Amino acid sequence: MVGAAAFLTHHHNSLYFFSSASTPRFLPEPRLRASPSPAKQSGACCSTDRRKLFNRIAPVYDNLNDLLSLGQHRIWKRMCVSWSGAKKGDTVLDLCCGSGDLTFLLSEKVGLGGEVAALDFSREQLSIASARQQLLWNDCYKNIKWIEGDALNLPFEGSYFDAVTVGYGLRNLDNKQKAMQEILRVLKPGSKVSILDFGKSNSALVRLAQEWAIDNVVVPIASFHGFTEEYKYLKTSISEFLTGNEQEMLAKDVGFTDAKHYPIAAGLMGNLVARSR
Amino acid sequence: MVRGSTVLHLKGAGGVSKALLDIIVCPLSKQPLRLCQETQYLISDEIGVSFPVVDGIPCLVPKDGRILDEKDNMRLDKSTKEPITDNNMNKG
């Protein structure tokens, strides 16, 4: 069964009017505005729409993850954290953290001597994550800092993190190259990024099974919870995503070394691991 | 793993911790942020933009930043490097 986990994270528009001169040129209104994305405008492709969408599904998100993957997403996320190489005392980043599943695992891994920054575009998801942090009886979760932010403009210095994880986020970013560049920038040399997401298999059979599962299992169950379009979008999103080989190539083009994509669950899921120089 | 689908309205910390300030920088200039104690906004002096903090969670999405105008009292006075106040606003 397909794990219908974090589909609709952030589709960011990144063309902010910021020049290298000291005075940035912004649009006349007082708020910073991004120019419209030149990307395809199907479904919820605009970053603003995606952000709203993610805010909307926040209340049912965790329940649906468990239901649709029969709890298996928890195993995949543990694998993602293992692959990141995060260890006690490390300073780590969970990007597109959503309601915090990977964040809490990282927090346990690095312990109170470490630090976890958890960034997401959706205020609603972060509210849930923060509430979970209060509920859970684990002291080490004090090492978590929640941040509302843009994956394409990370609010961190360069060479800061010992590891970065991304769970079901990369697929939904408008500019995957920019995202990978930002991840590379904030990683310490020799450190790894571990990116878990749906797989886009080279096998026609696997893709057929995936599409069938989305149409006949995921969407009906999501509809029952009041979210049809939000989860229908998943099929398009996967078909527009990168295959494992393409993800490896993207990582290497951006400057990562040792980029390797690991298929999981017969290729329904996959995890890219890449090391910064 | 606890499911957080039910949001409990627990009291947040409200403010910004020093530990958080140590981690974050301006998402655009990548320079340090300054916390305005009065308003609890995070200020990027480099580009003259403020970012809000809600329930202890900073909002550093660039398009949610607000450009500070010349007279905004969250700006730094260029000569003294102190926040502009009513007393020093019109000094040359």
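Everything numeric in this text was worked out from a predicted model, so none of it was measured.
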Worksheet item: Rounded to the nearest 0.5 Å, how far does CG of Leu60(B) lie from CG of Leu154(A)?
Response: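 Leu154(A) atom CG to Leu60(B) atom CG measures 10.5 Å (nearest 0.5 Å).
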
Worksheet item: To the nearest 0.5 Å, how far apart are CZ in Phe156(A) and SG in Cys26(B)?
Response: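 So the gap between those two atoms works out to 12.5 Å.
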
Worksheet item: Under the side chain to side chain contact (heavy atoms under 4.5 Å, CB included) test, which residues partner Glu115(A), sequence neighbours left out?
Response: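 Partners of Glu115(A) by the side chain to side chain contact (heavy atoms under 4.5 Å, CB included) criterion, ordered by chain and then number, come out as Thr91(A), Tyr160(A), Ile23(B).
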
Discussion item. Quick check on Lys30(B): does its NZ atom have over 12 non-hydrogen neighbours (other residues, nucleotides or ligands) under 6.0 Å away?
Written reply: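 Result for NZ/Lys30(B): enclosed.
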
Within the 4.5 Å heavy-atom criterion, are [X] and [Y] side-chain neighbours or not?
X: Leu28(B); Y: Asn153(A); answer: yes
X: Ile147(A); Y: Leu20(B); answer: yes
X: Ile57(B); Y: Lys145(A); answer: no

Practice prompt. Please determine which of Val54(B), Asp64(B), Val53(B) meets the side chain to side chain contact (heavy atoms under 4.5 Å, CB included) test together with Glu148(A).
Written response: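 Single pass found, and it is Asp64(B).
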
Worksheet item: Between Glu182(A) and chain B, which part of the residue has a heavy atom less than 4.5 Å away: side chain, backbone, both or neither?
Response: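 The answer is the side chain of Glu182(A).
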
Discussion item. Only pairs of heavy atoms separated by less than 4.5 Å count here; which of Arg123(A), Glu157(A), Gln133(A) has the most with chain B?
Written reply: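 Most heavy-atom pairs within the cutoff with chain B belong to Arg123(A).
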
Worksheet item: Please, which pairs that meet salt bridge (Lys or Arg N to Asp or Glu O under 4.0 Å) have at least one residue in residues 88-99 of chain A, sequence neighbours excluded?
Response: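 Qualifying pairs: Lys87(A)-Asp90(A).
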
